[in-house]
> 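Submitted below is the structure of interest, expressed as C-alpha cells.
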Amino acid sequence: MGSMGAPNVPREQSLNLPVIDVSDTSPENGKRLVQAAIDYGFLYVSPEGTPFNEQLIDAQFKLSREFFTCPLSEKEKFHVGTDNRGWLGMHNEILDPAKQSKEFKEAFNIGEFDEERMPQQIMPGCLSTETSLTQLRDFEAACDKTCKMFLDLIGIGLEVEDGLNWFSKRHGRPSGCTMRMLHYPSLPKGTDYSLDNDVRAGAHSDYGSITLLFQRSSQPGLEIRPPGGTDTWAPVAVFPPNYASSSLPPILVNIGDLMSYWTSGLLRSTVHRVIFPKDTKAGQDRYSLVYFCHPRDDVELEAVPSRIVREHKRRIGQADEDETLHGYGGGMNGKRAMTAREHLMKRLSATYSHRVERS
Ligand SMILES: O=C(O)CCC(=O)C(=O)O
Ligand SMILES: [Fe+2]
C-alpha cells in the first residue's frame, strides 16, 4: 500500500474490491478497509465477522417478497409520507433528476424503531405480526452492529486521535437510519421501456455515512462509476472471484455523501445505479435489501481528528488555519458545523418531489 490517502488505482484496472472481516480490528485491516474506501468507495464485508447468518438474511428476503406480492391497493395504503417512510411505487423516485428516466422499481422504507423497539410508522399486516416484527428487529440490530464495527475500523484505519470509536460514538438514536426493501420486477413483454435509457435505479450516491447492501446470488445489476471514469460504468459482481460461499453473497458496503463530506472527500461516495440484466432481457426479478446508516441527528459534522484527513486537506488545498473548523458556517446561522440531520434534509429535498420533513 502506498502512502495513505493517495488513491491507489491504476486507470485501466478492473474493480478489485477487497473482502473485509470487520471483526479483525488490527491496524492493517483498518488500513485495507480505508484504502478501499478511498479508491472505490465500495467493498465487500464477509457475513462471518458480523451478527448476520444465512438464516437471518433469507428470512428478511422472505418478508420482503411477502410484502411486495400484496395487491397494489394494499400497498398504496402505505404510500411514502413526508417522513420518507413507507412504500414507493414504480417511477415514484427520480434518483437521477438530470436524466429523468423511468425507474422500474418499488421500495418499502422502514425508519428506525423507537425505544420500545416498535416501528414509528403504520406497518402493513404482513410486516407487523409478532414473528415479522421480531425478524425486522433482529435484522435492524445486526445492521446497526455491523455498521458500528465498520465505523470502528474506519477510525482505526484513519488513526483517529480522539478514540478509535470516534465515528461509532456519533451514531445512535434519533437518526435517519433506514432499512429499505427493494423489488425490481421483471417486465411483461411489450412494456414500454428502453434498455438504453431506462434503468432499475438511476445514477445516484447515497446520503448517509455508510450503506449496507444485501443481494441474492443470481440477481446482478449493480454498477459503479470506476475511479477516474466520468461516463463509464463497472459492474460489481454479487460474488467476488474465489469467494468461499456460492449461496450467501457477502454484504456490499459503500461510503455515503455524509461520510465523504465529513472526511473532506478523502473517503469516496461513489455514484452507482442498477441496470436491467443485459443477457436475460428484463425477464428476471431482482430483490435487494439496503440499510442506510446515519449519525445521530444532532451530531455536528466537525473536523475529524485524524492526521490522515488533515494531510489530505492540505493536499487538496482545503486546510483551514484552525483545523477544528471543518464545515464551519454550514449549519444554522453560520455559527457551527452542519448537523447530520441538516445534511440529510438538504439531500432528500433534491430527490423527492414532495417536501420531506420529519417531525
Ligand atoms: O438495489 C440495489 O442494488 C441498490 C439500491 C440502491 O443503491 C439504493 O437504494 O440506494
Ligand atoms: Fe444507493
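In this chain, residues are counted from 1 in sequence order. Whatever order the structure lists ligands and atoms in, that order sets their numbers, starting from 1.
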> Give the atom numbers and elements of ligand 1 that come within less than 4.0 Å of a heavy atom of Leu182.
1 (O), 5 (C), 9 (O)
> Where the Fe ion (ligand 2) is the corner point, what angle links NE2 of His204 with OD1 of Asp206, to 10°?
90°
> With heavy atoms of Phe292 as the reference, note each atom of ligand 1 found under 4.0 Å away.
8 (C), 9 (O), 10 (O)
> Going through the distances and angles, do Glu112 and Ser175 end up as a side chain to side chain donor-acceptor pair (under 3.5 Å)?
CA-CA 8 Å; Glu112 69 188 356; Ser175 77; 3.0 Å; yes
> Is the charged tip of Arg180 near the ring of Phe292: under 6.0 Å from the six-membered ring centre and within 45° of its axis?
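Not flagged: Arg180 not positioned over aromatic ring of Phe292.
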> Counting only N and O atoms by type, is there a donor-acceptor contact under 3.5 Å from the side chain of Thr211 to the main-chain atoms of Tyr291?
no
> Counting from 1, what ligand 1 atoms have a heavy atom of Val274 closer than 4.0 Å?
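Near Val274, meaning under 4.0 Å from one of its heavy atoms, ligand 1 has 1 (O), 2 (C), 3 (O), 4 (C).
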> Within ligand 1, which atoms have a heavy atom of Ser288 less than 4.0 Å away?
1 (O), 2 (C)
> Could you note down all residue pairs passing side-chain hydrogen bond (donor to acceptor under 3.5 Å, both in side chains) where residues 41-55 supplies at least one of them, sequence neighbours left out?
Glu54-Ser247
> Quick one: does His183's side chain have a donor or acceptor within less than 3.5 Å of a partner on Met181's backbone?
no
> Could you list the atoms of ligand 1 found under 4.0 angstrom from a heavy atom of His272?
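Result: 7 (O).
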> Can you check whether Phe67 and Phe108 have ring centres sitting under 6.0 Å from each other?
yes
> Mind checking whether His204 has a heavy atom under 4.0 Å from ligand 1?
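It does; at least one heavy atom falls under 4.0 Å.
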> For ligand 1, which atoms, with element, lie under 4.0 Å from some heavy atom of Arg286?
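Those qualifying, in numeric order: 1 (O), 2 (C), 3 (O).
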> Numbering the atoms of ligand 1 from 1, which are under 4.0 Å from a heavy atom of Tyr184?
1 (O), 2 (C), 4 (C), 5 (C)
> For ligand 1, is any non-hydrogen atom under 4.0 Å from Thr211's backbone (N, CA, C, O), its side chain (CB onward), both, or neither?
neither
> Hey, which atoms in ligand 1 end up nearer than 4.0 Å to a heavy atom of Arg180?
9 (O)
> Could you tell me if Trp87 and Glu76 have a donor-acceptor pair between their side chains, going purely by distance under 3.5 Å?
no
> With a 4.5 Å heavy-atom cut-off, do Asp257 and Asp206 have their side chains touching?
no
